[in-house]
There are 2 protein chains.
Amino acid sequence: MTDYDKSKHIRNGGPVTLADIAKLAGVSPVTVSRAINTPALVKPHTLEAIEKVIARTGYVPNLLAGGLASRRTRLIAAIVPSVASTIFAETIEGLNAELVSAGYQLLLGLSGYDPGRELELTRAILARRPDGIILTGITHMKETRAMLTGASLPIVEIWDSTPSPLDTAVGFSHAAVGRLVAEHLLIRGYDRYAQVGANDPRAVQRRDGFVNRLKGIAEVELPELDMNSPSTFRDGRMAMAQLLDRGGGSLGVFCSSDVVAHGALAEAHARGCNMPGDLAIIGFGDFDFAPHTHPPLTTVRIDRRDIGTKAARSILRKIAGDASVEAMIDIDFHIVARGTA
Amino acid sequence: MTDYDKSKHIRNGGPVTLADIAKLAGVSPVTVSRAINTPALVKPHTLEAIEKVIARTGYVPNLLAGGLASRRTRLIAAIVPSVASTIFAETIEGLNAELVSAGYQLLLGLSGYDPGRELELTRAILARRPDGIILTGITHMKETRAMLTGASLPIVEIWDSTPSPLDTAVGFSHAAVGRLVAEHLLIRGYDRYAQVGANDPRAVQRRDGFVNRLKGIAEVELPELDMNSPSTFRDGRMAMAQLLDRGGGSLGVFCSSDVVAHGALAEAHARGCNMPGDLAIIGFGDFDFAPHTHPPLTTVRIDRRDIGTKAARSILRKIAGDASVEAMIDIDFHIVARGTA
DNA sequence: AGTTACAATGAAAGCGCTTTCATTTCTTCG
DNA sequence: CGAAGAAATGAAAGCGCTTTCATTGTAACT
């Protein structure tokens, strides 16, 4: 029978405790603690002896105990909607890389675009006493906000822009993205305009920015899609079919992501549309395949990894007590004009 | 100045401790503990009073303290190579969903396909005393294995198959995948065969299975790609260009992932290749775009999410003390024949 | 040699919970 | 109505560390 005995002598991380190491090395526990955390404070000779014992016994410190005593867990939590949609994956990678190199660990929560789940996650996460927390977006339930501010830890909100973040925000204005795309399409001028994509808060903001910029100039068509965020290749393809079936004049389409745009592109390509003359498609995200589609996809480029990196740096600075971290850290975006618009 | 005071009265999760709740509710700390963890053991009247105080104070239990005392952290760690390559993202989502619904939390580590990093991560993770750990793949440094077995906790290795897992494995044989693909291509029969893709351990196994099955029948061409795992759309496109430039007869290509295959497909399509007559492409993963490419991509389907779900279930059973968990849990795969092979 | 300063170590308390084990309070039934 | 058993609660110890604060050892200077 498999044995995961948690009793006196066989425990997680080995049976060894800091006290054991101390005894074996002939020093007091404090000295071992110092040897591990602030080796500069212990005499080289003693240090060496302790390290030898640690290596020999395979001792792995218990960070639960350490965190409890020191009130520092070296844990940073991040809540993102999903990890399966490429959009956040790179942010997480950036975040993680930066945190790991600073000796922190990432505790990931997946909210599935659900504010209720975000609240539950926040509670569960706070119970682990992270040194900081990163949230996606700026809209949270009031209970979440209350819990967060009550916890008085560094908070970074990512992937959106706001004049009044909970603490600090790293992101950009999605409405501005929508406006920019509208203007890009307006330069050439199309008979019809459409937007297709997800209905998460940020995609909606991009859509609204797009629609508003076009207000008084053109009605924006919004094909019905029975879907939740994030949208897929398939959604894009279906939506484009719908739009093209309606017929009538040249068409400029803004897709909520490159994946959706790619699907739209596939449909357009299959029908032999003339791009970008009669049909323009603009995506969002500049995914790795964007330059290689046929024709290459015009899209909005935003450095997703950089969001993670900057968020990590901000939170680390806050933890270090640096009060000079800006409330809003802006991330650049711009249109990469390729073959589809 | 922002104030993340960790002093006596303003701490993470609020200043409140279990002892405070006890005092306010007029009971002893144990009773509060029971009210939270085993409410059935406390009288409804008392329970209600305690819950009221908890709600009023916004008390968030300290799981560090709880974990230290109970030796159960309700934390499951998972180490995956990356989260940016779609391949593992869905496994993580499956894992997470299952764990969350059982009251556990996922601690994610990203190894970047680097065994050394995996070792470091393992150490860091074990220091948090998770109740179980999930690793990607079956090849680990011997130090990692030693540390893991020494920690005596449930272990699940995912995404590969082996007769001798560290504890339990959930996955499939990549060599078998390679063989299956070879056989699929052999039925139609091509003049040339090639494999293009990543060089991570599992992609290599798939390649080897493919090559071995073709041994004595055909030499398998392996275009040079200056890249690391995971490969991209771009890699696929370049590799296909290389292969096509060499000219000479019909060609059957096995790509290490659908993303690579998609790139290869784009190049083939651009050149107006006749598929699957003169050119066959088989991907791996059955990503969401696969049915929608042009022509639709033939690929190997494997339920990535299911790997996560099954891994979670296995580890939860192990934690619950169930010794009957199989050592090897096989995951199905099969070829989805669409338009490219 | 005698102070002073600093470097190196240690003793004790405590972080916020859970775990026994003991005690009290309630039921139930002869 | 009182004994016996069950239900509800509590007291005390301890999980494995870090944090003061105190002590000792070692240089450095006059």
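Lettering follows sequence order; numbering is per chain, from 1. Predicted model, so just to flag it, every value in this text is computed and none were measured.
Judged as a salt bridge (charged side-chain N to carboxylate O under 4.0 Å, His left out), not a single pair has a partner in residues 139-159 of chain A (not counting sequence neighbours). Residue pairs meeting the salt bridge (charged side-chain N to carboxylate O under 4.0 Å, His left out) criterion with at least one member in residues 37-51 of chain A, sequence neighbours excluded, are E48(A)-K52(A). Sorted by first then second residue, the salt bridge (charged side-chain N to carboxylate O under 4.0 Å, His left out) pairs that include residues 94-110 of chain A, not counting sequence neighbours, are E98(A)-R313(A).
Rounded to whole angstrom, the span from the CG atom of L47(A) across to the C1' atom of dA8(C) amounts to 12 Å. Put simply, CG on L63(B) is 18 Å from P on dC15(C), counting in whole angstrom units. In this structure, K43(A) atom NZ and dG25(D) atom P are separated by 11 Å, rounded to whole Å. Between I50(B) atom CD1 and dC17(C) atom P there is a gap of 13 Å when expressed in whole angstrom units. Rounded to an integer number of Å, the gap from NE2 of H45(B) to P of dT25(C) is 15 Å. What separates CZ of R74(A) from P of dC17(D) is a distance of 16 Å, to the nearest Å. Atom CG in L41(A) sits roughly 11 Å away from atom C1' in dT9(C) (whole-Å rounding). Note: CZ (R128(A)) to C1' (dG16(C)) measures 15 Å, nearest angstrom.
A sub-4.0 Å separation between OP1 or OP2 of dG16(C) and a side-chain N or O of Y59(B) is absent. Between T17(A) and the phosphate of dC15(D), there is no side-chain N or O to OP1/OP2 separation shorter than 4.0 Å. In terms of phosphate contacts, R71(A) brings a side-chain nitrogen or oxygen within less than 4.0 Å of OP1 or OP2 of dG16(C).
You'll find that the side chain of V42(B) is closest to dT9(D), out of dC17(C), dT9(D), dG16(D).
Contact detail for I87(A) and R304(A): the closest heavy-atom pair is O-CD, 3.2 Å. When all heavy atoms of A35(B) and L47(B) are compared, the closest pair comes out as CB-CD1, 3.6 Å.
Within the 3.5 Å criterion, the main-chain N or O of I155(A) finds a donor-acceptor partner in the side chain of D167(A).
Both L68(B) and S28(B) lie near DNA chain D, and the one whose nearest nucleotide falls closer to the 5' end is S28(B).
Salt-bridge formation is not detected for the pair R117(A)/E120(A): no Lys NZ or Arg NE/NH1/NH2 atom is positioned less than 4.0 Å from an Asp or Glu carboxylate oxygen.
Using cut-offs of 30° and 60° on the angle between ring planes, the pair Y113(B) and F88(B) is tilted.
Every residue two or more places apart in sequence or in another chain was checked for a side chain to side chain donor-acceptor pair (under 3.5 Å) with S101(A), and none qualifies.
Bending across the helix from dA1(C)-dT30(D) to dG30(C)-dC1(D), expressed as the angle between its end axes from five pairs apiece, amounts to 30° (10° rounding).
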Report each atom pair, protein N/O against N/O of nucleotides 18-22 of chain D, whose distance is under 3.5 angstrom.
from	atom 1	to	atom 2	distance (Å)
dT18(D)	OP1	N37(A)	ND2	2.7
dT18(D)	OP2	S33(A)	OG	2.3

